[in-house]
Trainee: 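The structure that follows is given in the form of structure tokens.
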Amino acid sequence: MKQLSESEMLHRAAAYCSAGERCIQDMEKKIKAAGLTEEESDRIIARLLEERFIDESRFARYFVNDKLRFNKWGRVKINYEMQRKGIPSGIRSEALAGIDEQEYCSILLSLLKSKKKATRGKNDREIYAKLLRFAFGRGFEAKETSGCLKQLFDKNDFEDDFE
């Protein structure tokens, strides 16, 4: 593969950012893979930020929206993944605060309902524990999960066993 010039890489990076929301870390990886120096990379990133091809807060909002609706992830997992992408904590918390609570709980409830149908256990307590672990693995918090599980298990007090 031939070495790209800085202007060629800027053009490609702008096209890449136009196709979908990207964060700074994604672009740094792309530019580094193209073999450009760190100074060239910094100039390209600065230009993309200046021309608003990259906007971390916009990226975070879309990331939260997509991961919640399509991947059905909870706040904990979404926050962790944004942290891995180098999104600052203020932007992460602002984006997570934009989650609609009713939608969040309905996604969790529908996820748990479908998982309950496929989950086998000796008794309801064992199924409850499996669903609780499943929800935690998806990144949902204990408070919301136990509230949804109460609805599914007709207000049984299993959550006392898991605190």
Side-chain angles (χ1 to χ4, degrees), residues 13 15-34 38 41-42 44-45 48-49 52-163:
Y16 183 62
C17 290
S18 296
E21 289 301 327
R22 311 286 181 217
C23 65
I24 293 172
Q25 188 183 58
D26 290 345
M27 291 314 305
E28 285 173 344
K29 286 180 183 175
K30 214 44 148 174
I31 295 167
K32 186 177 180 179
E38 197 166 320
S41 174
D42 290 344
I44 291 171
I45 297 290
L48 292 172
L49 285 166
R52 300 200 28 94
F53 281 104
I54 299 175
D55 184 340
E56 297 267 277
S57 61
R58 188 177 63 213
F59 170 80
R61 285 193 311 272
Y62 282 103
F63 187 85
V64 167
N65 183 46
D66 289 352
K67 296 305 176 188
L68 177 64
R69 288 198 175 94
F70 301 121
N71 296 37
K72 301 195 183 331
W73 288 358
R75 282 189 190 96
V76 175
K77 190 168 184 172
I78 294 171
N79 186 47
Y80 174 74
E81 289 300 321
M82 283 195 295
Q83 185 178 2
R84 283 188 52 218
K85 288 191 170 285
I87 307 297
S89 64
I91 294 173
R92 288 194 319 257
S93 36
E94 184 182 313
L96 289 168
I99 294 175
D100 179 37
E101 286 301 317
Q102 277 189 313
E103 181 184 9
Y104 188 74
C105 288
S106 71
I107 286 172
L108 175 58
L109 188 60
S110 69
L111 198 60
L112 289 172
K113 278 180 184 175
S114 63
K115 184 67 175 175
K116 184 181 178 189
K117 291 176 187 173
T119 304
R120 301 288 171 244
K122 289 183 254 177
N123 53 32
D124 277 352
R125 185 172 309 252
E126 190 176 303
I127 294 171
Y128 185 96
K130 288 180 179 183
L131 292 175
L132 195 61
R133 280 193 303 274
F134 170 75
F136 289 164
R138 283 291 182 106
F140 288 94
E141 302 92 332
K143 181 182 172 193
E144 282 83 4
T145 303
S146 64
C148 289
L149 287 173
K150 277 182 186 178
Q151 290 179 2
L152 287 179
F153 285 93
D154 299 322
K155 314 270 187 272
N156 284 331
D157 292 325
F158 297 139
E159 68 273 356
D160 295 339
D161 299 340
F162 299 102
E163 290 181 348

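Just so it is clear, the values below take in all heavy atoms, side chains as well, and ignore hydrogens, waters and symmetry mates.
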Trainee: Say you draw a straight line from CG of N79 to CH2 of W73; how long is it, rounded to the nearest 0.5 Å?
Mentor: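 N79 atom CG to W73 atom CH2 measures 12.0 Å (nearest 0.5 Å).
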Trainee: Test side-chain contact (heavy atoms from CB on, under 4.5 Å) on L152 and L109 and set out the steps.
Mentor: CA-CA 8 Å; L152 287 179; L109 188 60; 4.1 Å; yes
Trainee: Taking atom CG of L132 and atom CD1 of I127, what is their separation to the nearest 0.5 Å?
Mentor: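 Answer rounded to 0.5 Å: 13.5 Å.
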Trainee: Does the side chain of S41 come within less than 4.5 Å of I45's, by heavy atoms?
Mentor: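 With C-beta onward as the side chain, the pair touches.
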Trainee: With a 4.5 Å limit on heavy-atom distance, are the side chains of V76 and F136 in contact?
Mentor: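 Side-chain contact under 4.5 Å: no.
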Trainee: I'd like to check I99 versus L68 (side-chain heavy atoms, cut-off strictly below 4.5 Å). Are they in contact?
Mentor: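 I99 reaches L68 side chain to side chain.
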Trainee: Search all heavy atoms of L112 against all heavy atoms of T145 and return the closest pair with its distance.
Mentor: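 Here L112 and T145 meet closest at CD1-O, 4.4 Å.
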Trainee: If you define the side chain from C-beta out and look only at heavy atoms, does anything of E38 sit under 4.5 Å from D42?
Mentor: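 In short, these two side chains touch, coming nearer than 4.5 Å.
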Trainee: What residues form a side-chain hydrogen bond (donor to acceptor under 3.5 Å, both in side chains) with E144, not counting sequence neighbours?
Mentor: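 Partners of E144 under the side-chain hydrogen bond (donor to acceptor under 3.5 Å, both in side chains) test: none.
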Trainee: Under a 4.0 Å threshold between the charged nitrogen and the carboxylate oxygen, would K77 count as salt-bridged to E81?
Mentor: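 Looking at E81 and K77, the cut-off is not met.
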Trainee: Is the side chain of Y104 donor-acceptor paired with the backbone N or O of R75 at a distance under 3.5 Å, no angle test?
Mentor: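 Yes, because the side chain of Y104 sits within donor-acceptor range (under 3.5 Å) of the backbone of R75.
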Trainee: What distance separates I87 CD1 from F63 CZ, expressed to the nearest 0.5 Å?
Mentor: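 The distance works out to 8.0 Å.
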Trainee: If you define the side chain from C-beta out and look only at heavy atoms, does anything of S146 sit under 4.5 Å from Y128?
Mentor: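 S146 reaches Y128 side chain to side chain.
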Trainee: Can you confirm whether V64 sits close enough to M82 that some side-chain heavy atom of one is under 4.5 Å from a side-chain heavy atom of the other?
Mentor: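 Sidechains of M82 and V64: in contact.
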Trainee: Could you walk me through whether R138 and L108 pass the side-chain contact (heavy atoms from CB on, under 4.5 Å) test, one step at a time?
Mentor: CA-CA 9 Å; R138 283 291 182 106; L108 175 58; over 6 Å; no
Trainee: Could you check whether atom CD of Q102 has more than 12 heavy atoms from other residues, nucleotides or ligands sitting under 6.0 Å from it?
Mentor: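 No, not enclosed.
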Trainee: Taking atom CD of Q25 as the centre, does the number of heavy atoms from other residues, nucleotides or ligands within less than 6.0 Å exceed 12?
Mentor: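 More than 12 heavy atoms, drawn from other residues, nucleotides or ligands, come within 6.0 Å of this atom.
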Trainee: Is a side-chain donor or acceptor of E56 paired with a backbone partner of I24 at a separation under 3.5 angstrom?
Mentor: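 Answer holds: yes.
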Trainee: Taking atom CD1 of I78 and atom CZ of F140, what is their separation to the nearest 0.5 Å?
Mentor: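 Going from the CD1 atom of I78 to the CZ atom of F140 covers 7.5 Å.
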Trainee: Looking at every heavy atom in both G90 and S93, which two are closest together, and how far apart are they?
Mentor: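 Closest pair (atom of G90, atom of S93, distance): O-OG, 3.3 Å.
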Trainee: If every non-hydrogen atom of S57 is compared with every non-hydrogen atom of I91, which pair is closest and at what distance?
Mentor: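 Answer, listing the atom of S57 first, then I91: CA-CG2, 3.6 Å.
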Trainee: Within this structure, what is the CZ-SG distance for the pair F59 and C17, rounded to the nearest 0.5 Å?
Mentor: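 Interatomic distance, F59 CZ to C17 SG, rounded to 0.5 Å: 10.5 Å.
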Trainee: Has K72 got a side-chain atom pairing as donor or acceptor with L111's backbone, closer than 3.5 angstrom?
Mentor: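 Not a single qualifying donor-acceptor pair exists.
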Trainee: Counting heavy atoms not belonging to K30, are there more than 12 under 6.0 Å from its NZ?
Mentor: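 It does not: K30 NZ has 12 such atoms or fewer within range.
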Trainee: Looking at every heavy atom in both C148 and C105, which two are closest together, and how far apart are they?
Mentor: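 Shortest heavy-atom contact: SG-O, 3.8 Å.
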Trainee: Return the NZ to CG distance between K116 and L149, rounded to the nearest 0.5 Å.
Mentor: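 If we round to the nearest 0.5 Å, K116:NZ and L149:CG are 9.0 Å apart.
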Trainee: Of R61, K85, R58, which is the lone residue that meets salt bridge (Lys or Arg N to Asp or Glu O under 4.0 Å) with E21?
Mentor: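 Result for salt bridge (Lys or Arg N to Asp or Glu O under 4.0 Å) with E21: R58.
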Trainee: Step by step, work out the side-chain contact (heavy atoms from CB on, under 4.5 Å) result for L131 and T119.
Mentor: CA-CA 8 Å; L131 292 175; T119 304; 4.0 Å; yes
